[in-house]
Amino acid sequence: LSEDYFAFYIADVSGHGASSAFVTAILKNFSYRFRREYRPKALKLPGDILIRLNREIVDNEIDKHVSIFIGIVNLSTNQLHYGNAGHFPYGVLARGGDAMVLDLPGKPIGLFENISYASNTVEFREGDNLVLLSDGVLEVMEEIGLESKEKRLMQAAVECEGTIERLWNFLDIDTSVVGPDDMTCLMVSCEA
């Protein structure tokens, strides 16, 4: 977005087919417009960006919803500002040998007309690694129960050391095998 800021998001559109592809096109177009027209205030409040995006999806009267996590990193202050609209599993921030879950609940975009989304901020320091996964990963994990799967994801975020291949190996997921749902991984690392 500028020399000091960059933005990223992970999104999962409900369903399949032409209408889901249309929503994906709206997301892509929205991100291009946001990059051109962003305002500095929006960079600290990703929840406000989600409100604008929700309005756009609702106004297009598409019978789809989108779960999305958006992050904006301020490189000069080493802060990660983020918002969440129903994206699960939550992002995991690995720092040193520890991991913390960025649990910021919110409803998916496109379901409700008037909705607000919270924003949160955490430090994003040298050596930190943020791991975001789509819910399709939960469906192929061998662990029983959501709690054990979340614990395994936290371990994987620490053990992978910022490498997607290591993450998949630690989770024992064969990415060449098609699962019941899509599996997406977005990793953002803060290097020296």
Side-chain angles (χ1 to χ4, degrees), residues 7-16 20 27 46-47 49-50 53-54 64-73 78-112 115-191:
F8 59 90
Y9 66 89
I10 183 170
D12 193 2
V13 180
S14 66
H16 303 283
S20 294
L27 282 172
I49 298 167
L50 294 173
L53 182 57
N54 181 67
K64 295 289 177 184
H65 62 274
V66 182
S67 64
I68 184 170
F69 177 100
I70 182 170
I72 299 174
V73 176
N78 293 327
Q79 290 182 312
L80 165 64
H81 307 283
Y82 64 95
N84 186 23
H87 181 79
F88 190 82
Y90 296 126
V92 177
L93 182 63
R95 177 176 291 151
D98 296 320
M100 75 165 144
V101 176
L102 302 183
D103 56 345
L104 185 63
K107 303 271 190 236
I109 286 173
L111 292 176
F112 306 101
I115 189 166
S116 62
Y117 292 97
S119 299
N120 206 355
T121 301
V122 294
E123 270 191 286
F124 195 58
R125 309 189 291 232
E126 183 178 323
D128 286 359
N129 185 40
L130 175 63
V131 177
L132 296 160
L133 297 160
S134 65
D135 60 355
V137 172
L138 296 174
E139 294 182 33
V140 297
M141 291 177 69
E142 293 182 6
E143 285 77 13
I144 306 284
L146 185 57
E147 188 176 322
S148 60
K149 290 180 183 191
E150 288 177 319
K151 184 177 178 182
R152 181 85 169 158
L153 291 177
M154 290 178 70
Q155 291 172 329
V158 171
E159 296 293 328
C160 75
E161 298 175 345
T163 307
I164 292 176
E165 292 79 18
R166 281 181 153 166
L167 178 85
W168 292 135
N169 288 336
F170 186 86
L171 293 174
D172 199 27
I173 293 175
D174 183 355
T175 57
S176 66
V177 176
V178 177
D181 194 5
D182 63 321
M183 293 183 291
T184 302
C185 177
L186 172 62
M187 220 178 264
V188 180
S189 300
C190 185
E191 298 177 352

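All values below were derived from every heavy atom in this structure, side-chain atoms included, with hydrogens, water molecules and symmetry-related copies excluded.
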Engineer: One pair to check against side-chain contact (heavy atoms from CB on, under 4.5 Å): Asp135 and Phe88. What are the steps and the verdict?
Structural biologist: CA-CA 6 Å; Asp135 60 355; Phe88 190 82; 5.7 Å; no
Engineer: What's the shortest heavy-atom distance between Ser119 and Gly47, and which atoms?
Structural biologist: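 Closest approach of Ser119 to Gly47: OG-N, 2.7 Å.
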Engineer: Can you name the ring pair (Phe, Tyr, Trp, His ring centres under 6.0 Å) partners of Phe124, sequence neighbours left out?
Structural biologist: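 Scan of Phe124 (ring pair (Phe, Tyr, Trp, His ring centres under 6.0 Å), adjacent residues dropped) gives none.
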Engineer: What is the minimum heavy-atom distance between Asn129 and Ala157, and which atoms define it?
Structural biologist: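 For Asn129 versus Ala157, the nearest heavy atoms are ND2-O, 3.7 Å.
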Engineer: Closest heavy-atom contact between Gly110 and Asn54?
Structural biologist: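 The answer is N-OD1, 2.7 Å.
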Engineer: Thr121: what forms a side-chain hydrogen bond (donor to acceptor under 3.5 Å, both in side chains) with it, not counting sequence neighbours?
Structural biologist: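 Listed in chain order: His81.
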Engineer: If the condition is side-chain hydrogen bond (donor to acceptor under 3.5 Å, both in side chains), which residues does Glu143 pass it with, not counting sequence neighbours?
Structural biologist: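 Scan of Glu143 (side-chain hydrogen bond (donor to acceptor under 3.5 Å, both in side chains), adjacent residues dropped) gives Arg152.
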Engineer: If you define the side chain from C-beta out and look only at heavy atoms, does anything of Leu167 sit under 4.5 Å from Thr163?
Structural biologist: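 Not touching, per the 4.5 Å side-chain cut-off.
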Engineer: Would you name the heavy atoms of Ile10 and Ser134 that are closest together and state the gap between them?
Structural biologist: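 Of all heavy-atom pairs spanning Ile10 and Ser134, the closest is CD1-N, 4.2 Å.
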Engineer: Does some side-chain heavy atom of Phe8 sit less than 4.5 Å from a side-chain heavy atom of Leu186?
Structural biologist: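 Of all side-chain heavy-atom pairs linking Phe8 with Leu186, at least one is under 4.5 Å.
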Engineer: Taking all atoms of both residues into account, what is the closest heavy-atom pair of Leu50 and Asn84, and its distance?
Structural biologist: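 So the two residues come closest at CD1-N, 3.6 Å.
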Engineer: Would you please name every residue forming a ring pair (Phe, Tyr, Trp, His ring centres under 6.0 Å) with Phe170, sequence neighbours left out?
Structural biologist: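 Result, ring pair (Phe, Tyr, Trp, His ring centres under 6.0 Å) vs Phe170: none returned.
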Engineer: Considering only heavy atoms from C-beta outward, does the side chain of Ile109 approach that of Tyr117 to under 4.5 Å?
Structural biologist: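 Touching, per the 4.5 Å side-chain cut-off.
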Engineer: Go through the structure and list residues passing ring pair (Phe, Tyr, Trp, His ring centres under 6.0 Å) with Tyr82, not counting sequence neighbours.
Structural biologist: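 Applying ring pair (Phe, Tyr, Trp, His ring centres under 6.0 Å) to Tyr82 gives Phe69.
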Engineer: Just verifying a value: how many Å separate Met187 CE and Cys160 SG, rounded to the nearest 0.5 Å?
Structural biologist: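 Met187 atom CE to Cys160 atom SG measures 4.0 Å (nearest 0.5 Å).
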Engineer: Let me check something: any side-chain donor-acceptor pairs from residues 89-106 under 3.5 Å, sequence neighbours excluded? List them with distances.
Structural biologist:
unit_1	atom_1	unit_2	atom_2	d
Arg95	NE	Asp128	OD1	3.0
Arg95	NE	Asp128	OD2	3.1
Arg95	NH2	Glu123	O	2.7
Arg95	NH2	Asp128	OD2	2.6

Engineer: Please find the pair of heavy atoms, one from Gly71 and one from Leu80, that lie closest to each other, and give the distance.
Structural biologist: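 Smallest interatomic distance, heavy atoms only, reads CA-CD1, 4.0 Å.
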